[in-house]
Amino acid sequence: MSLTAATRRAFFVSFLAVSSTPALADLSPTDDQRQAAVEVVESLRYGHYADVELNDAWSQRAFDQFLDVLDSQRAYLVQRDINRFSDLQTHLDDAVEEGELERVYEFYNLYQQRVESRLEWLIDEIDAGLDYDYTSNERLAIERGDEPWSGNESALDTLWTKRLKNAALSLELSGQTTEAIEETLHDRYASQLSRIRQTNPEDVFGLFMAAVTSTTDPHTEYLSPRQGESFDIQMRLSLEGIGALLQTEGEYVKVSSLVPGGPADKSGLLQPADRIVGVGQGDEGEITNVVGMRLDEVVDLIRGPKGSTVRLDIVPAKAVDVTRSHVIEIVRDTVKLEDQAASSEVITVTRDDGEHRIGVIDIPTFYVDFDAWQAGEEDYRSTTRDVAKEIEKLKAAGVEGIVLDLRNNGGGALQEANSLIGLFIDRGPTVQVRDAQGRISLYGDTDSGSLYTGPLAVLVNRLSASASEIFAGAIQDYGRGLVLGSRTFGKGTVQTLNDLSHGQIKLTRAKFYRITGESTQHRGVYPDLLFPSLVDPDVIGESSLENALPWDTVRSVQYRQYGEPKRYLETLENLHEARIDQEPNFTYLERQASLIKQLREQQTSISLNREQRQREMDAQEGEQLSLENQRRQALGLDPLENWIDAREEESTQANQEEDGEPIDRAQIVESAEILLDYARLSQTEAA
């Protein structure tokens, strides 16, 4: 029910167990894996929320998914390899139902041979000396997922020559010498070759099961015994590290989300969609290049004892060119419940008639101390209890309204979202849950009375997911307050974890629906007033995930309306637009989001001509620097000379607790302004 669950699929697709000795030339399935395959497909057929029918059409989908898992960029296999195993396109259903996986393993063995041969070819090319001419007009396509399979190895030689040339050019543009470039690339591909040769049958089974389960939806997945242990550690939040969930994207490791209250989240230096290209230990340890490295090995490098420092070489999400990386430092720590606790502050809004006070409550996640609760302790910690305390503080401070900040809140305990709604309404339904049989369970607040009845706003963004969406949707449906920010993640499904004879399966069993009958799945919650966002919904969010279950509706339930915020939206929008026209941070955010989208749409390939590549990089960074300096000029700050200075400035600001992140702060302040406008409009009409 949380955003961590929404992003864990990509982690386990690439999670290969590390073996200490090279595998045999031909890998084959074990009896445990055969039995587990049978149990997985039985779970899909009889336990999944969707109607899963195993037939030829399903086999084709599973086969295509397996190809994407193995060779998503069409860089190793050729068309005759696909043709050689074309029988799997219609017989995979039979294979998994009967546990006959030999043909699948034969296909993987062929794939591994192709990968090993290609890596050996690359190493030979590097060892022969790289003497490229960077004056041609060649370009390299960034995304090849929709390209047809190559007809022969010669065509792949051409592709990989371009790839190798691009890798060398990228390192040269970052300042490396020819000798250093050859050493870096040799080590990179030699490491990949060593890792691929360590593949064992469990690795292959995990990859194949990732293909099988992903035919149903992005959140259903098989967990090997080792993955199950890692999953349990993450759920307990006891792992010492930086508090970031990672996934693979091509050769790169990408940040999918940050654990609220974790070291990475607190530092402000790492953001979702940032790519990690290197990892170093301590203040001076050598940076290990992790491009092309297995995800589990990257995770192991980043993990470490509490109090130790890890250095990450990252390419920011908003950077178009991957050569523009920079190093950040994060001190490892253990995420504690108190680090995720709700907190509040009072913001002063100045108007012509004087100063007004608006309360803001930050809710990083929906948590509950289950152990203390089950033990019967009266003073156990929970989101609802902590928010209630903050509300009492704000009421005592005389605030005229309260903003609940759910940005980056990936969800958590459903019971807490349900009970939290109860602080703002006087009994009533909160969410509907529909199971695979079509049965609908209705959850609601049964306690009479409400703790806070004043003006209310909920601030969300694309990383607000699951329980956060249930809460925001209920507040919007009841007319209890305004929803501000950007469209939410769109995760409206429920998963359960079931044991198998070998490993576990996380299975999607139900869907959430708002009291209006609309699902939160896929579409998410649309704010009443929209804020610009640097998070690209095509990259992050349920709608960006393959085979995501669709949006749909069920019957609405009866509920009372507490207000009609929509009546004031046109006026609120006009007042909001007038303010942000004069707000440098909002203007910057809107223009930066537009620029990044434009650059990504334009750059479908990269130049292998040094001068052209440099011009393109300079032009892109020039546009970004211009936007940054326009913002700085409006704020009365000195302009920066280059984009690297802008990045360093950004990192410095992230560590200044008294100032906070400028854009982040601007959204909070503007939310307070909007809520004050709403409070005045509704009070005037009532009078």
Side-chain angles (χ1 to χ4, degrees), residues 1-3 5 342 361 363 365-368 370 373 382-388 390-391 402-406 409-435 439-454 456-460 464-484 488-495 509-528 551-566:
M1 286 177 282
S2 69
L3 181 56
I361 301 179
I363 307 175
T365 186
F366 287 91
Y367 55 88
V368 60
F370 282 108
W373 175 55
S382 76
T383 297
T384 303
R385 287 173 167 233
D386 288 347
V387 169
E390 300 306 321
I391 289 174
I402 293 178
V403 176
L404 300 176
D405 187 359
L406 296 183
N409 184 323
L414 174 61
Q415 69 185 64
E416 286 304 307
N418 185 62
S419 60
L420 186 65
I421 295 168
L423 299 182
F424 306 99
I425 65 170
D426 182 11
R427 288 190 292 192
T430 55
V431 65
Q432 304 182 73
V433 180
R434 182 183 187 273
D435 66 17
R439 297 173 300 207
I440 296 178
S441 301
L442 184 63
Y443 295 83
D445 169 44
T446 58
D447 295 332
S448 60
S450 52
L451 182 62
Y452 179 74
T453 59
L456 184 69
V458 182
L459 179 59
V460 295
S464 303
S466 198
S468 291
E469 297 174 284
I470 291 171
F471 180 86
I475 295 298
Q476 192 176 59
D477 294 338
Y478 272 110
R480 181 59 190 85
L482 295 165
V483 176
L484 312 174
T488 61
F489 193 92
K491 184 181 183 294
T493 56
V494 185
Q495 285 73 41
R509 301 295 300 269
K511 285 177 74 173
F512 292 127
Y513 294 85
R514 294 164 64 160
I515 54 178
T516 60
E518 294 186 346
S519 173
T520 58
Q521 170 65 15
H522 208 284
R523 292 189 182 181
V525 176
Y526 285 81
D528 298 309
W551 177 89
D552 61 351
T553 63
V554 296
R555 293 180 61 180
S556 64
V557 297
Q558 290 188 334
Y559 60 95
R560 62 173 285 193
Q561 286 289 131
Y562 285 80
E564 296 183 83
K566 294 186 183 299

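Below, each value reflects all heavy atoms present in this structure, side chains not excepted, and no hydrogens, waters or symmetry copies. Bear in mind the structure is a predicted one, so any value in this text is a computation, not a measurement.
- Closest approach of Ile425 and Ser450 over heavy atoms only: O-CB, 3.4 Å.
- A donor-acceptor distance shorter than 3.5 angstrom exists from the side chain of Gln476 to the backbone of Tyr526, with no hydrogens or angles considered.
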Less than 3.5 Å apart, which donor and acceptor atoms pair up between the side chains of residues 557-566 and the rest of the protein, not counting sequence neighbours?
residue	atom	partner	partner atom	Å
Gln561	NE2	Gly563	O	3.3
Tyr562	OH	Asp426	N	2.7
Lys566	NZ	Asp528	OD1	3.4

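- Within the model, atoms CG of Leu420 and OG1 of Thr384 stand 5.0 Å from one another, a figure rounded to the nearest 0.5 Å.
- The CG atom of Leu459 sits 13.0 Å away from atom CD1 of Ile361, with the distance rounded to the nearest 0.5 Å.
- Residues Lys511 and Asp552 have side chains in contact (heavy-atom distance under 4.5 Å, counting atoms from C-beta outward).
- Ala467 approaches Gly412 most closely through the heavy-atom pair CB-N, 4.1 Å.
- A donor-acceptor pair is defined here as one N or O able to donate and one able to accept, closer than 3.5 Å; such a pair exists between the side chain of Gln432 and the backbone of Arg514.
- Ring geometry for Phe366 versus Phe471: interplanar angle of 30 to 60°, hence tilted.
- Considering every non-hydrogen atom in both Ala342 and Val387, the closest pair reads CB-CG2, 3.8 Å.
- Across all their heavy atoms, Ala388 and Leu423 have their closest contact at N-CD1, 4.1 Å.
- The shortest distance between side-chain heavy atoms of Glu518 and Trp551 falls below 4.5 Å.
- For the atom pair Tyr367 OH and Ser382 OG, the distance stands at 7.0 Å (nearest 0.5 Å).
- When side chains are defined from C-beta on, Ile402 does not count as touching Glu390, because their heavy atoms never get closer than 4.5 Å.
- Nearest heavy-atom pair, Leu406 versus Ser468, reported as atom, atom and distance to 0.1 Å: CD1-O, 4.0 Å.
- Thr488 places no side-chain N or O within 3.5 Å of a backbone atom of Glu469 that could act as its donor or acceptor partner.
- A distance of 7.0 Å separates OG1 of Thr383 from CD1 of Ile363, quoted to the nearest 0.5 Å.
- Of the possible donor and acceptor atoms, one in the side chain of Arg480 sits under 3.5 Å from a partner among the backbone N and O of Phe424.
- Judged by distance alone, the side chain of Thr430 and the main-chain N or O of Asn418 form no donor-acceptor pair under 3.5 Å.
- Scanning both residues, Ala510 and Val433, for their nearest heavy atoms gives CB-CG1, 3.7 Å.
- The side-chain contact (heavy atoms from CB on, under 4.5 Å) test with Ile470 singles out one residue from Ile515, Val431, Ile475, and that residue is Val431.
- The distance from the OH atom of Tyr478 to the CD1 atom of Ile421 is 8.0 Å, given to the nearest 0.5 Å.
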